[in-house]
Enquirer: 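Submitted below is the structure of interest, expressed as structure tokens.
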Amino acid sequence: MFIGELQRYVTRLQNPNNVSFLIQKVCPMSLANISVHQVVKNYHKDRIEIPVLNGLDLTIPAGQFSVLMGPSGSGKSTLLHLIGGLDRPTSGTIQVGDFNLDRMSDSELTRWRSRHVGFIFQMYHLIPVLTAAENVELPLLLFSMSSHERKQRVATALQVVGLTDRMDHRPNQLSGGQEQRVAIARAIVTDPDVILADEPTGDLDAKTSEEILNLLNILNKEFGKTILLVTHDPRAAAHGQRILHLDKGILSQEKEAVCVT
Amino acid sequence: MALPLFYSWRNLLVRRLSTSLTLLLITVIVVVLAVLLSFAAGIRQTLKNSGHRDRVIVLKPGSTAESTSVLFPEETNLLVQTPGIRFDPSGQPLISIELCIQTSLPRLGYQDSFANVAVRGVDPVAFAIRPEIQIVEGRLFDSGALEVIVGEAASKRFGNLKIDGEISLGRLGNRLYKVVGIFRANNSSFESEIWAPRSMITTAYSGHYTSSATIQCIDESQAQTAINYIKGPSVKLQAQKETDYYQELARTTRQLVVLSVILIAIMGLGAVFAMANTMYAAVDHRRREFAMLRTLGFSRIAIQLTIFIESLLTCLVSCIIGLLIGSAFIAMNIEQDFISDVSFSSLTYQLRMTPTIMISCLILACGVGIAGALAPAVRASRIPILEALRKA
Ligand SMILES: Nc1ncnc2c1ncn2[C@@H]1O[C@H](COP(=O)(O)OP(=O)(O)OP(=O)(O)O)[C@@H](O)[C@H]1O
Ligand SMILES: [Mg+2]
């Protein structure tokens with residue numbers, strides 16, 4: 001299903017006469033995909049409680065490209081990690097699709113991550129001893145899937161990010177922008193519902209950043225991925241359908257979702 | 001579920017230096033273990049080939065070996081009465097009275113290096129009792145001549161013990177004996193000895209006493225009857241089955257094995273710590289990597305498994321290299337002298353590489369691998385994901 005979709009996309013890309021698909025917006029069902037309810041997150045340091053999120057509410061509809069901004073230390077990454085099941089809230093509930101994260105055990109959460117979330121970080125976090133293709137293949141090892149199908153998926157994912165010719169390169173043979181594209185291919189190869197990107201362009205120059213953001217746009221518009229992007233860069237934020245501001249534990253909204261039906 | 005093998009392998013190659021050092025250490029241990037065990041196995045094999053259940057060896061009470069036993073004619077004469085004894089077709093009882101002495105001979109291939117060799121004075125009946133003795137070169141000695149036959153192993157280890165070679169024996173070393181034959185004895189310890197006519201040896205050394213008597217009994221149960229008789233009030237000598245006698249001699253090797261086990265255990269413990277140290281360094285170096293793998297959905301167990309696999313791969317390679325080096329060493333030193341502290345004479349044996357030894361080495365190497373990786377694996381699987389990802 002996913003493979004077919006990606007391949008159709010790739011063939012259309014290769015045919016420059018037909019670019020109309022780029023304007024077609026995949027507008028999802030209004031079903032709330034991510035719902036954060038009354039989430040409190042405190043950290044403890046030397047017995048002192050550091051409150052980061054204080055009863056936060058947020059709903060992100062499936063298929064929306066949301067951007068989260070805010071000063072450093074305001075808890076943007078913390079929120080992203082909570083939604084991605086990498087951490088648990090002190091109190092409150094987080095629901096992603098049909099899954100209520102606080103009802104899941106650690107190992108269930110680990111398994112859920114591998115199937116439903118794609119993470120993209122500022123530091124790429126590629127495995128240095130593995131080639132680009134092997135890095136992308138890694139999350140597929142958690143699925144029962146023939147090696148042939150894995151290879152096919154990897155090839156398609158690399159094609160989407162435009163790195164087919166670099167598939168045998170190790171991370172240290174790639175530029176920062178290329179590394180981030182490999183990380184994106186790794187995040188989408190399992191066909192997750194949600195992509196969580198924490199300052200993915202923080203280490204990249206303006207031009208490369210633009211390429212990466214365009215890529216995220218395509219993933220959102222073409223494949224209907226729900227994306228939550230954390231950034232400090234207003235230009236990056238402009239790509240989102242909705243911009244959220246987090247400051248001192250309070251979430252405010254700057255730009256409403258534009259969803260053309 | 002698990003991470004691919006090449007992932008572990010490449011990580012080993014990345015930290016080449018620390019991997020090689022650990023590898024070297026474990027290789028050395030495997031070589032030492034392999035050689036020590038093959039040494040013990042070789043001696044045990046030689047002693048196992050020596051001795052039969054239906055033969056009884058008679059010594060002076062209190063002595064543990066022929067070389068320290070002295071029997072007088074009045075004592076040996078009593079043995080003819082022993083029940084359960086077998087007779088040859090001509091009606092002669094199969095009792096071989098033997099004199100065992102030591103002489104020092106130059107070792108082949110060494111300058112000015114001497115070792116003790118056992119010289120056994122025997123009568124023709126000795127060959128009737130021991131059909132395993134076979135002349136493979138030359139002929140048997142003439143009972144009344146200054147002639148000897150030499151075990152094949154002794155012939156290879158000492159100078160002058162070839163056919164027509166001459167050795168001087170006797171208390172004053174003033175009698176020249178000629179080597180007239182080379183014999184084999186089913187790889188038993190006899191092959192490390194020189195055999196001569198008893199009369200020619202007693203006159204040269206003791207005058208009248210002998211060292212031991214070997215009695216061929218009808219069967220194993222009769223051997224027990226014979227032993228009881230000889231130990232009893234009518235003879236009052238020490239008697240045991242030949243097999244038991246050689247087993248006693250093999251005790252030396254058992255002590256050796258115990259010593260090697262202690263040595264290997266100490267070295268192994270060192271290797272475990274070395275491995276743990278290497279793996280700890282690797283885990284700390286790759287915290288972000290493991291955190292990312294966990295983020296992608298790999299379980300704690302999958303992470304632990306890669307640590308174990310990396311450690312076990314190192315140990316497996318060490319084991320293979322160690323066994324190859326050990327085998328090469330064993331192949332080079334086909335035959336060795338072993339100075340048994342019981343018999344005081346050198347015993348020639350072959351170092352033997354057996355499947356048991358290989359498996360022992362493998363178990364040792366894998367044990368080091370698992371023990372060394374245990375704590376690092378736990379640490380790797382417990383890395384706090386977010387903290388590790390945040391730190392650049
Ligand atoms: N493990 C932790 N222990 C204690 N405090 C923590 C921990 N993780 C985060 N914090 C604190 O929580 C607050 C929010 O951190 P977070 O990383 O979410 O901020 P951020 O908005 O992502 O900032 P930045 O824009 O700099 O990435 C910070 O004050 C931080 O110091
Ligand atoms: Mg952050």
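A quick note: this is a predicted structure, and the numbers were derived from the prediction, not measured. Every chain is numbered from 1 and lettered A, B, ... according to where its sequence line falls, protein lines coming before strand lines.
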Enquirer: What part of R115(A) gets within 4.5 angstrom of chain B, counting heavy atoms only: side chain, backbone, both, or neither?
Expert: neither
Enquirer: Is it true that the NZ or CZ of K45(A) lies under 6.0 Å from the centre of Y43(A)'s six-membered ring and within 45 degrees of the ring axis?
Expert: no
Enquirer: So what's closer than 4.5 Å to chain A heavy atoms on R286(B): side chain, backbone, both or neither?
Expert: neither
Enquirer: Is it the backbone or the side chain of D106(A) that comes under 4.5 Å from a heavy atom of chain B, or both, or neither?
Expert: side chain
Enquirer: If you count heavy-atom pairs within less than 4.5 Å of chain B, which of D198(A), T110(A), L109(A), D87(A) leads?
Expert: T110(A)
Enquirer: What residue in A187(A), S114(A), S107(A) has the most heavy-atom pairs under 4.5 Å with chain B?
Expert: S114(A)
Enquirer: So which part of E137(A) gets closer than 4.5 Å to some heavy atom of chain B, the side chain, the backbone, both or neither?
Expert: neither
Enquirer: Side chains of F65(A) and I195(A): closer than 4.5 Å at any heavy-atom pair?
Expert: no
Enquirer: Which residue is it: R153(A), K225(A), H116(A)? I am looking for the one with a side-chain hydrogen bond (donor to acceptor under 3.5 Å, both in side chains) to D191(A).
Expert: K225(A)
Enquirer: Examine whether an atom of L296(B) lies under 4.5 Å from a heavy atom of chain A, and if so say whether it belongs to the side chain, the backbone or both; otherwise answer neither.
Expert: both
Enquirer: Given T22(B), which partner from the list T27(B), N277(B), T278(B) fulfils the side-chain hydrogen bond (donor to acceptor under 3.5 Å, both in side chains) test?
Expert: T278(B)
Enquirer: Give, as side chain, backbone, both or neither, the part of L13(B) having an atom under 4.5 angstrom from any heavy atom of chain A.
Expert: neither
Enquirer: The test is salt bridge (charged side-chain N to carboxylate O under 4.0 Å, His left out); show your working for E134(A) and R10(B) and say whether it passes.
Expert: CA-CA 12 Å; E134(A) 287 160 357; R10(B) 283 187 210 160; 2.6 Å; yes
Enquirer: When you check the side-chain N and O atoms of N11(B) and S8(B), is any donor under 3.5 Å from an acceptor?
Expert: no
